[in-house]
K.L.:
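Dropping the structure in here first, questions after.
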There are 2 protein chains.
Amino acid sequence: MSPVQTSSRVAALKNVATRLRIDSVRSTSEAGSGHPTSCASAADVVATLFFAEMRYDPRNPQNPDNDRFVLSKGHAAPILYAAWAEVGLLKREDLLTLRRFDSDLEGHPTPRLSFVDVATGSLGQGICAALGIALNARRIKSDYRTYALLGDGESAEGSVWEAAETAAHDGLDSLCGITDVNGLGQSGPSIWNHDMEAYAAKWRAFGWHALVVDGHDITVLMDAFEEARATKGRPTMILARTVKGKGLPLAEGKSGWHGKAFKKGPELDGVLKDLESQMLPEDGPAQPPDGPRTRRDMSRPQSAPKKGTVGTPAYKLGDSIATREAYGAALAKLGDGDDRIVALDGDVKNSTFSEKFEEKHADRFFQNFIAEQVMVGSAMGLAARGAIPFPSTFAAFLARAYDFIRMACISNVNVKLAGSHAGVSIGEDGPSQMALEDRARRRAQPNMTVLYPCDAMSTERLLELMAYHPGPAYMRTSRPKTPVIYGPDEKFAIGGLKILRESPKDAVTVIGGGITVFEALKAYDQLQKIGISIRVIDLYSLQPIDSRSLLRCARETKRIITVEDHYAAGGIGDAVAACVAGSNFVVERLCVRDIPRSGTPEQLIDHYGISSRHIVSAVTS
Amino acid sequence: MSPVQTSSRVAALKNVATRLRIDSVRSTSEAGSGHPTSCASAADVVATLFFAEMRYDPRNPQNPDNDRFVLSKGHAAPILYAAWAEVGLLKREDLLTLRRFDSDLEGHPTPRLSFVDVATGSLGQGICAALGIALNARRIKSDYRTYALLGDGESAEGSVWEAAETAAHDGLDSLCGITDVNGLGQSGPSIWNHDMEAYAAKWRAFGWHALVVDGHDITVLMDAFEEARATKGRPTMILARTVKGKGLPLAEGKSGWHGKAFKKGPELDGVLKDLESQMLPEDGPAQPPDGPRTRRDMSRPQSAPKKGTVGTPAYKLGDSIATREAYGAALAKLGDGDDRIVALDGDVKNSTFSEKFEEKHADRFFQNFIAEQVMVGSAMGLAARGAIPFPSTFAAFLARAYDFIRMACISNVNVKLAGSHAGVSIGEDGPSQMALEDRARRRAQPNMTVLYPCDAMSTERLLELMAYHPGPAYMRTSRPKTPVIYGPDEKFAIGGLKILRESPKDAVTVIGGGITVFEALKAYDQLQKIGISIRVIDLYSLQPIDSRSLLRCARETKRIITVEDHYAAGGIGDAVAACVAGSNFVVERLCVRDIPRSGTPEQLIDHYGISSRHIVSAVTS
């Protein structure tokens, strides 16, 4: 390009940025809330990205070869919407529906919108998802690039540094972060304010290529993106020094304007007048984003995905296998037939047995070391781009990623979580490793499937079902070996249960899950000897739950006893009580009611009141 | 000291380290599980710390002026126990009770032991707690120093970097971290292996003084601790290059030995023989830890703590005040009378109103920027040392610190959490900001107190009660303003409720909390007009819960309707159902059953089925 062309192009991009500011201000004022100043600091970066850097089909945001953009600082949603209006995908007048109940232009972006991969708004998550999106490019052998826009405030979240270390370790040079360093958080200056070298030193120490630039200089930004593209073997972070509220003199660089819309009337009019005066003369529009595709054919045919299968698991009745081991075996088989299946680990693959997947599919196995937030966040990104990710660790340590799981549910992506070593049945390691509230956490999310197989056969079957059931799902597995009780022809269903013992004269229905199923079966045998029949249920699907069967059993036996290797709240007891609420049934709960201590599995199962002895006692009392 | 004395002292310390290894190996072999190789890499560091560096009363680990030690790599618990046996606090033979049900020497350390401040075992948390412990020294004007021993594997946790940035920001030079860089994680090499400069660059970039040392050279370690003590204005991280399994030739530096005890018999005997051969001749014992106190008088008298009070809040019936604002006002007043009260923020003090506390007690207000894990982790440390910390942020973002809250419950420390902006009643910001499962998370912990005041008066009263109720507690506050309905003489209790409307002919008991109390009161008025009486309950204490009153109401009205600004699972519905399970009552639940979207508070409360209209409809159906 000649200097004239360049200067004309820069003027056009500056004007795009000004229009993005105008739209952000207008839409937030119309809504009466939102974050116009956080949009304004990012406007030049967003304009440059969308109109001079990214390659994508503006008519089809879901083209698998599009460059991807993740707005990690989700509160700047209005500028994202404004950019897609500028691109032509949204109507400009629709921007004024921001934050309205009848509009998909929500306060923070969600995947209701075709151009949003994952919901953001809980800070420090978008960069983790972007990492997963970048990993997905490797999976589908695409050279698309992934861009994530972060705030400086959110860089205080530890998850950002988990993403930093993992992306560097993976050598993800297709990932480019931009930090909008406007120096102001919500309640005061951000932790490192405008100390640009403090940011750069951190990213460099974590193995990234880092550049410090003026975030309001379009030419400098274009060069920075070019440098990022030319950087191989490591990701790039562009640290853009910006001014919060840039272009809005009333609020520019001032504290106290975070998350405040300008008042309609003279205040808004003045701001808009200021902005309009910033428009520059230009020769033509900014280079359209659907310009020549120099890097790749974006219309390659997509093959229809194929499903995998676990086949017929080779377990024999009575074999003794831990469900966590069956999990690994099943996942490896499922991956044979479906290259969308990927696994993510947090340095416990030899305990969760996800190493069985790695052995066969090393290119689809992603190691996150001991960093559960980025493991789940990255899985969100992978899922958003068509993969079926299985992040796994100890169930206790998934607690570390709880907020990410919450956002995965809001995004409604196919993240398939597995948590091993649940409950007091792990024994000597003690309460920090036990996960006695994992199902309370999962069940609290309305769209989360929650499974807990008791034997190897049901683990394999449920894993296959879970992989292809839409939306987020969780499988709890156990540490101890348990006997195989299901044959190869047994059918399972998401939302199902198994009645293992049943007779017309059952005095009580005993409902267990996982290891307590075996305690219930032991209790059955003991009670048979004294002439008492009980019904025994393996409630392997906690959410959805088979209310109809549970109600039938409740009607037939009147009394229900739930028994679970879990705290009192949020597990089988609560779920069953919710099913049968409104009827004349007694629900008694056997569960762990105190914070446990170390001991052998048998001691703990008995001491905390969930062993066969306690079931017998509850039935006969 | 003369060179002879020095060399003799070093030999004595080397022998302490060898004895710590012997005890760690013996105790784990006796238990049949545990992490002897993770102990062995840290033995020289621990020996130096306990016998050449730290100042503490070996007979009283709780002396408030003792230097503190936090084992962030909690799986190395056996060496911590061995060190206190070497000090003389534990009997050496008791070490062989490790991991037994009848022993307090659990698999990972818990505060059942006098020398453990906070439970560790979920990695990356101890350094956050240590930060809080170091802040506490400032609070009580003590010059005690705080030491935290981390693993290299755990340094991948983002929470470590949250602690890094916060401690540097606070200039906490009394905090000294030691990373035991043994290069091996559980399932393979740790993320940065033995690249010592990679670690050092990161800590330096985060503003710490960082030293790289040979973690098995006692003299070098003593010098490093001295350098740390001499470093002012910033914390120090000593990066100790070590060998996993050091001193145990069978496992030294080898993969595959993580978390494995040596088998009793020839394997163990061989390891112990190797260790015993490493004992050096020495002139006398290592300098005892209770040597001359050059830095401080450790026997200063302690004044009895004084309780604060909120006095008589000046609200008038009908005033309109958000409970989050009343929270801030009450906290500030409580802090006037009790210097144990401290507040921690995550850059939302102007939304949670914790800024009201900061205005009066800036020296006891700790800013963590947008880093919720370190906010709660640091509160754990403060609480363990006698403070009464109130960390607060949006209830949604406390999800980020879930695993820390889990560990705070295991530690049973006085962490008083407050989460604002709960539920769909926040309106336009959308689901990422809503916290619709916060009470499910809290209630799942057996010893967590869970409160949700509906008006400003009850907020102030409950805040005072919560501060002095032993153990962890959570208060949910709301964004919208609500009318004051309680007068200054109204009494509240942890585990109480208020019956707001009652008559002998009540058809239904309607149980709400927070903003739904007002929907229930509106429904009452509407139903009165058509001649239907309902009982209305403000269930401000969800855990503990007033089962007796709920059962009485259930018996009197038969029907119960719960209504809550929360998802179906884990909230009022489940809690009430658990109370009345086993009786002939109908429990109907009005709650948020889908993941919501943006809209006005009124639209959302109505659309998601928790408005007065829905209560009226449920009562009359």
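What you see is a predicted model, and the numbers here were worked out from it, not measured in a lab. Hydrogens, waters and symmetry mates are skipped; everything else that's a heavy atom, side chains included, is used. Proteins come first, then strands; the chains are lettered A, B, ... in the order of their sequence lines, and each starts at number 1.
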K.L.:
Is the shortest distance from a Lys or Arg side-chain nitrogen in A:R443 or B:D574 to a carboxylate oxygen in the other one below 4.0 Å?
P.N.:
yes
K.L.:
Is it the side chain or the backbone of A:F404 that comes within 4.5 Å of chain B heavy atoms, both, or neither?
P.N.:
side chain
K.L.:
Is there a side chain to side chain contact (heavy atoms under 4.5 Å, CB included) between A:R100 and B:R597? Walk through the geometry before answering.
P.N.:
CA-CA 9 Å; A:R100 274 190 2 207; B:R597 55 193 303 150; over 6 Å; no
K.L.:
Passes side chain to side chain contact (heavy atoms under 4.5 Å, CB included), B:R400 versus A:Q373? Steps please.
P.N.:
CA-CA 9 Å; B:R400 201 57 153 271; A:Q373 295 186 94; 3.1 Å; yes
K.L.:
Count the heavy-atom pairs under 4.5 Å between each of B:G570, B:P431, B:A440 and chain A, then report the option with the highest count.
P.N.:
B:P431
K.L.:
Would you mind reporting whether A:F397 and B:S122 have side-chain heavy atoms less than 4.5 Å apart?
P.N.:
yes
K.L.:
Heavy-atom distance under 4.5 Å to chain A: side chain of B:Q603, backbone, both or neither?
P.N.:
side chain
K.L.:
With a 4.5 Å cut-off on side-chain heavy atoms, are B:L436 and A:Q445 touching?
P.N.:
no
K.L.:
Please classify the contact of A:A568 with chain B as side chain, backbone, both or neither, using a heavy-atom distance under 4.5 Å.
P.N.:
neither
K.L.:
Count the heavy-atom pairs under 4.5 Å between each of A:A201, A:G121, A:G430 and chain B, then report the option with the highest count.
P.N.:
A:G121
K.L.:
Decide if the gap between the ring center of A:W161 and the ring center of B:F206 is smaller than 6.0 angstrom.
P.N.:
yes
K.L.:
Under 4.5 Å, counting heavy-atom pairs only, tell me which of A:L105, A:D594, A:D104, A:L398 racks up the most with chain B.
P.N.:
A:D104
K.L.:
Quick check on B:R589 against chain A: is it the side chain, the backbone, both or neither that has a heavy atom closer than 4.5 Å?
P.N.:
side chain
K.L.:
Heavy-atom pairs under 4.5 Å with chain B - which of A:Q186, A:E106, A:E437 has more of them than the others?
P.N.:
A:Q186
K.L.:
Between A:A396 and chain B, with a heavy-atom cut-off of 4.5 Å, which part of the residue counts as in contact: side chain, backbone, both or neither?
P.N.:
both
K.L.:
Is chain B contacted by the side chain of A:Q125, its backbone, both, or neither, given a heavy-atom distance below 4.5 Å?
P.N.:
both
K.L.:
Top residue by heavy-atom pair count (under 4.5 Å) with chain A, among B:G571, B:A205, B:S159?
P.N.:
B:A205
K.L.:
Measure distances from A:H607 to the heavy atoms of chain B and classify the residue's part below 4.5 Å as side chain, backbone, both or neither.
P.N.:
side chain
K.L.:
Give, as side chain, backbone, both or neither, the part of B:W203 having an atom under 4.5 angstrom from any heavy atom of chain A.
P.N.:
neither
K.L.:
Measure B:P189 against the heavy atoms of chain A and call it side chain, backbone, both or neither at under 4.5 Å.
P.N.:
backbone
K.L.:
Would you please test B:S432 and A:T120 for side chain to side chain contact (heavy atoms under 4.5 Å, CB included) and show each step?
P.N.:
CA-CA 7 Å; B:S432 64; A:T120 53; over 6 Å; no
K.L.:
When only pairs under 4.5 Å are counted, which of A:Q543, A:E588, A:E372, A:R593 shares the most heavy-atom pairs with chain B?
P.N.:
A:E372
K.L.:
Could you look at B:N412 and say if it's the side chain, the backbone, both or neither that has a heavy atom under 4.5 Å from chain A?
P.N.:
neither
K.L.:
Only pairs of heavy atoms separated by less than 4.5 Å count here; which of B:S33, B:G107, B:A401 has the most with chain A?
P.N.:
B:G107
K.L.:
Take B:H169 and A:W192, measure what side chain to side chain contact (heavy atoms under 4.5 Å, CB included) needs, and give me the verdict at the end.
P.N.:
CA-CA 9 Å; B:H169 187 267; A:W192 304 307; over 6 Å; no
K.L.:
Does any heavy atom of chain B fall under 4.5 Å from the side chain of A:Q367, the backbone, both, or neither of them?
P.N.:
side chain
K.L.:
Is it true that a side-chain atom of B:H108 and a backbone atom of A:Q433 form a donor plus acceptor pair closer than 3.5 Å?
P.N.:
no
K.L.:
Side chain, backbone, both or neither: which part of A:E157 has an atom under 4.5 Å from a heavy atom of chain B?
P.N.:
both
K.L.:
Could you look at B:A578 and say if it's the side chain, the backbone, both or neither that has a heavy atom under 4.5 Å from chain A?
P.N.:
both
K.L.:
Side chain, backbone, both or neither: which part of A:R439 has an atom under 4.5 Å from a heavy atom of chain B?
P.N.:
neither
K.L.:
Is it the case that the side chains of B:S187 and A:E355 hold a donor-acceptor pair, with the cut-off being a distance below 3.5 Å and no angle test?
P.N.:
no
K.L.:
Identify which part of A:R559 has an atom lying under 4.5 Å from any heavy atom of chain B, answering side chain, backbone, both or neither.
P.N.:
neither
K.L.:
So which part of A:E154 gets closer than 4.5 Å to some heavy atom of chain B, the side chain, the backbone, both or neither?
P.N.:
backbone
K.L.:
Between A:N350, A:T110, A:D345, which shows the greatest number of heavy-atom pairs under 4.5 Å with chain B?
P.N.:
A:N350
K.L.:
Please determine, among A:G153, A:A577, A:G32, A:A163, the option with the most heavy-atom pairs under 4.5 Å with chain B.
P.N.:
A:G153
K.L.:
Using heavy-atom distances under 4.5 Å, tell me whether A:T600 contacts chain B through its side chain, its backbone, both, or neither.
P.N.:
neither
